[in-house]
Trainee: 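Just dropping this structure here.
As the structure lists them, so they are numbered: ligands from 1, and atoms in each ligand from 1. Just so you know, these numbers come straight off a predicted model, no measurement behind them.
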Amino acid sequence: MSPTKNIETLSARERRWVERARSAQSRAYAPYSQYAVGCLLVDTGGKLHTGCNVENASYSAVICAERVAATKMVTRGAREIAVVVLITLSDEPVFPCGVCLQVLLEFGARCQIIAVNRDASRYRAASLAELYPNGFARQHLA
Ligand code: THU
């Protein structure tokens, strides 16, 4: 599995993406879990799309930060994710949940994921294909 690395080993551009994800995290609506998550998607045209988690009193209605960002991206006319930057409140970087991996597969089968820990001091990177090999995708419906 991918090693945890110091944030300073990211490029300046990647660190700016981390700051955008962090700013989205600050808008999380997470009164039930208190676990704020922020996400930045970079589409293959280089455009940026942010999301935060949005919870609900009916707990199962939660929308994760990644899915908020992905639906915003599609609404703006983009269809292909190149990079996902995810920041959570965990002390160590954590990768997206299974539901979000499925949604990322729909729009970014070849995307790279950068998971960042709560104080943005450390990260881990992996491809979606590493995290979710053999996922169910549109070709299986053919
Ligand atoms: N959450 C995300 O936003 N993304 C993930 O990949 C994992 C979990 C949110 C959902 C919920 O609001 C909170 O984190 C705790 O599960």
Trainee: Nearest protein heavy-atom contact for atom 9 (C) of ligand 1: which residue, which atom, what distance?
Mentor: N53 ND2, 3.6 Å
Trainee: For residues P96 and E66, report the shortest heavy-atom separation together with the two atoms involved.
Mentor: CB-OE2, 3.2 Å
Trainee: Which atoms of ligand 1 sit under 4.0 Å from any heavy atom of S33?
Mentor: 13 (C), 15 (C)
Trainee: Between S121 and D119, do the side chains contain an N or O donor and an N or O acceptor separated by less than 3.5 Å?
Mentor: yes
Trainee: Would you mind listing which atoms of ligand 1 come within a distance below 4.0 Å of any non-hydrogen atom of V62?
Mentor: 10 (C), 11 (C), 12 (O)
Trainee: Which protein non-hydrogen atom lies closest to atom 16 (O) of ligand 1, naming both residue and atom, and how far is it?
Mentor: Y35 CD2, 4.7 Å
Trainee: Tell me the protein heavy atom at minimum distance from atom 7 (C) of ligand 1, and give that distance in Å.
Mentor: C97 CB, 4.0 Å
Trainee: Check for a donor-acceptor pair, side chain of E106 on one end and backbone N or O of A137 on the other, with a separation under 3.5 Å.
Mentor: no
Trainee: Does the side chain of Y35 come under 3.5 Å of the side chain of S90 through a donor N or O and an acceptor N or O?
Mentor: yes
Trainee: Please write down residue, atom name and distance for the protein heavy atom closest to atom 8 (C) of ligand 1.
Mentor: C64 SG, 3.9 Å
Trainee: Can you sort out which atoms of ligand 1 are near E66, meaning under 4.0 Å from one of its heavy atoms?
Mentor: 2 (C), 3 (O), 4 (N), 5 (C), 6 (O)
Trainee: Using a strict threshold of under 4.0 Å (side-chain N to carboxylate O), is an ion pair present between E19 and R22?
Mentor: yes
Trainee: Looking at every non-hydrogen atom in both residues, tell me the closest pair between C39 and A24 and how far apart they are.
Mentor: O-CB, 4.2 Å
Trainee: Side chain or backbone, does P96 bring an N or O within less than 3.5 Å of an N or O on ligand 1?
Mentor: no
Trainee: Answer yes if the side chains of Y123 and T4 hold a donor-acceptor pair under 3.5 Å, and no otherwise.
Mentor: no
Trainee: What protein heavy atom sits nearest atom 11 (C) of ligand 1, and how far away is it?
Mentor: E55 OE2, 3.3 Å
Trainee: Looking only at protein heavy atoms, identify the closest one to atom 3 (O) of ligand 1 and say how far it is in Å.
Mentor: A65 N, 2.9 Å
